[in-house]
Amino acid sequence: MPVSGIRKVSTSQVSVALTVHVHPCLKFDVLTLSQNGVAAFILQCKRLDFHYCDWAGSSKGMNSFLKHTLPRFARLNPSVEITVSPRPRKHPIIRGTYINGREKVVCVKNLQKEQILEKTHLLRDASGEKLKRVTKPVQSINESVRGIWSPYHGAGRTA
Amino acid sequence: MKRIRLERWSGQFLPAARPSCLHFRCPNVRRQSTVSSINPEIHYEDGPPSFLSQPKAPLVSFPPNSPDPERALSSPKLAALHARLQLPSKLPLQTLARTLVHKSADSDPRFNNTSLCDLGHKLLGSYAAEHLICRYPRLPLAVLFAAMWAFVGSRTLTMISREWGVEAAAEPGVEVDPGLLQFMRLKPGENIEGEFENGAIPRPNERRGWRRGMSSRIVYDDVFGDHPSSRDKTGSESSEEGTPAPQSVSLSTASASFVRALFGALYLHAGRQPAISFFRMHILPRHLPLHQLFSFTQPTRDLSRLCAREGFESPVARLISETGRRSRTPVFVVGVYSGEDKLGEGSGGSLDEARTKAAAAALRAWYLYSPGDIRVPSDMEDGTAGTWKPVMIDKGEVVV
């Protein structure tokens, strides 16, 4: 009796092998994708550069914006780095730099400070992507819950 | 007439003042003194104590290579990063600046992120592992390791750092903005493989040519179940063994070290709970299609073994529907049944393919089982958690 027991143990040990693998193509390429806004939201606008000119009349509104409106805007948006620098003898511009590496530039010549604040909000809220026409309202990286329609399932319809 | 501002000139050309750091970076010894530092009249019976006998190794790296910690307070980039990540105010800007200094930029361990990176690596590994194991108790080990790599591996952390908007300095130095990631870049033509060699832990039986099985991956290898030399490492283990710090590293190594160091710093400054919630905010919601990671060699055999082990009736494949059997493009839909229960379903161009796909689908459904409410062990570290309900522990994957 003990002999058969020993044989059983030994045979089961020989044939042990794990059978589930990760696909070899995937081994070094398994990555998770970010879903910005699912739990944490990262504002995509990284930096806003304000350029003004001391002399030119087109910068009048910009200079007033920098003096009166920008400190409050900067306080309300701490996650955006703000730089102010002169650009002599040129029209005033605002340049937004985004996390995806792109930039967006708006010329604000001859605008009032309220209008410049609107442009600043536009740059802050932009994602940095190229402007695209959105035809489908929902985009998802998840697979469809219902799956692809199949003619071989369900009651079907007779011709 | 324009006045020359001498004070501005001097500020530009003098070496950067670093009063606080200079003070404690330089050892408090007058170097040019002729008197020996130990008083010769004192005789120690058991020999001189160890702190006197060994000459003090100069810990200093002078001139300093990383920006002054005080400058972190006035860096707009750093403040913006702090606000963008919604870090707690307990984490000071100086520490955030330190997490951005890789050891290839500043070899002084008090000013680079090596120790924080080490701690963060361990924290990330344990949080990700407990989440995956408690949520998917039947996950096979190969898939578990791959999922760990997908959540907290170097490549993912590099992507996370990019998505957080962290920029890298072209070259490390004292004058660089503290909000930039600092590391010594690889020169063109430099061997990338060189940086993987650091921190490799030799296996005891490697020289004998022993096979690397899943069990040895559990025992010897890192949290991703891989030999440290085969993948990009945290780069932190090399420092204590006296091996020189790498001269230059890739951007991805430095970025990953920043994310790890940030977790370590968060844990040290703000505590356990903010670190866990930061992990749940930024790492866990990332999208990972786990079901695509599986690869079965013989799913039909595995499924019958599984049914035998669990005491189910042995699986039977039945044809559900078909079309065009005699045509060029036939489609068969096959289900795998155990008694009356359908375990899985698959469709394919031949009966065999459909049956294999059905068995693989059944196995996937088994392995990806998730119990409803999930509590992980680290939840219990919070004092108000109540009593611990044990999580499900599975028998393990099918062994043939």
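Throughout, a chain's letter reflects where its sequence line sits, starting with A, and its residues are numbered from 1.
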Participant: Side chain, backbone, both or neither: which part of Val143(B) has an atom under 4.5 Å from a heavy atom of chain A?
Facilitator: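 The answer is both parts of Val143(B).
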
Participant: Is the NZ or CZ atom of Arg138(B) both under 6.0 Å from the centre of the six-membered ring of Tyr369(B) and within 45° of that ring's axis?
Facilitator: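 Relative to the ring axis of Tyr369(B), which defines the angle, Arg138(B) lies inside both limits.
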
Participant: Only pairs of heavy atoms separated by less than 4.5 Å count here; which of Ala80(B), Pro299(B), Ala142(B) has the most with chain A?
Facilitator: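 Of the candidates given, the most pairs with chain A belong to Ala80(B).
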
Participant: Answer yes when Arg318(B) and Glu345(B) have at least one side-chain N-carboxylate O distance shorter than 4.0 Å, and no when they do not.
Facilitator: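 Looking at Glu345(B) together with Arg318(B), the answer is no, because their closest N to O distance does not fall below 4.0 Å.
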
Participant: Strictly below 4.0 Å, N to O, side chains only: are Arg95(A) and Glu103(A) in salt-bridge contact?
Facilitator: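 Salt bridge: yes.
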
Participant: Between Thr83(A), Asn142(A), Val80(A), Ile82(A), which has the largest tally of heavy atom pairs under 4.5 Å with chain B?
Facilitator: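 Most heavy-atom pairs within the cutoff with chain B belong to Asn142(A).
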
Participant: Pick from Pro78(A), Ser79(A), Ala39(A), Ala40(A): which one has the most heavy-atom pairs with chain B under 4.5 Å?
Facilitator: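 Highest number of heavy-atom pairs under 4.5 Å: Ser79(A).
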
Participant: Based on non-hydrogen pairs under 4.5 Å, which of Ala150(B), Gly153(B), Ala83(B) is most in contact with chain A?
Facilitator: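 Top option by heavy-atom pairs under 4.5 Å: Ala150(B).
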
Participant: Between Glu129(A) and Arg102(A), does a salt bridge (charged side-chain N to carboxylate O under 4.0 Å, His left out) hold up when you go through it step by step?
Facilitator: CA-CA 7 Å; Glu129(A) 294 291 335; Arg102(A) 294 181 62 89; over 6 Å; no

Participant: So what's closer than 4.5 Å to chain A heavy atoms on Val166(B): side chain, backbone, both or neither?
Facilitator: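 It is neither, since no heavy atom gets under 4.5 Å.
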
Participant: Could you tell me the separation between the CD atom of Glu163(B) and the NE2 atom of His282(B), rounded to the nearest 0.5 Å?
Facilitator: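 The distance works out to 10.0 Å.
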
Participant: In terms of heavy-atom pairs under 4.5 Å with chain A, which of Gln86(B), His82(B), Arg162(B), Glu167(B) leads?
Facilitator: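 Of the candidates given, the most pairs with chain A belong to Glu167(B).
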
Participant: For Pro76(B), is it the side chain, the backbone, both, or neither that has a heavy atom closer than 4.5 Å to a heavy atom of chain A?
Facilitator: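 Contact with chain A involves both backbone and side-chain atoms of Pro76(B).
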
Participant: Taking Ile283(B), Val331(B), Ile320(B), Leu284(B) one by one, which has the highest count of heavy-atom pairs under 4.5 Å against chain A?
Facilitator: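 Highest number of pairs under 4.5 Å: Val331(B).
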
Participant: Between Leu33(A) and chain B, with a heavy-atom cut-off of 4.5 Å, which part of the residue counts as in contact: side chain, backbone, both or neither?
Facilitator: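 Backbone plus side chain of Leu33(A), per the 4.5 Å heavy-atom cut-off to chain B.
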
Participant: Show, in sequence, the C-alpha distance, side-chain angles and deciding distance for Ser58(A) and Asn110(A), and conclude whether the side-chain hydrogen bond (donor to acceptor under 3.5 Å, both in side chains) test is met.
Facilitator: CA-CA 4 Å; Ser58(A) 63; Asn110(A) 299 326; 4.8 Å; no

Participant: Tell me every residue that passes salt bridge (charged side-chain N to carboxylate O under 4.0 Å, His left out) with Glu143(A), counting only those two or more places apart in sequence or in another chain.
Facilitator: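 Residues passing salt bridge (charged side-chain N to carboxylate O under 4.0 Å, His left out) with Glu143(A): none at all.
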
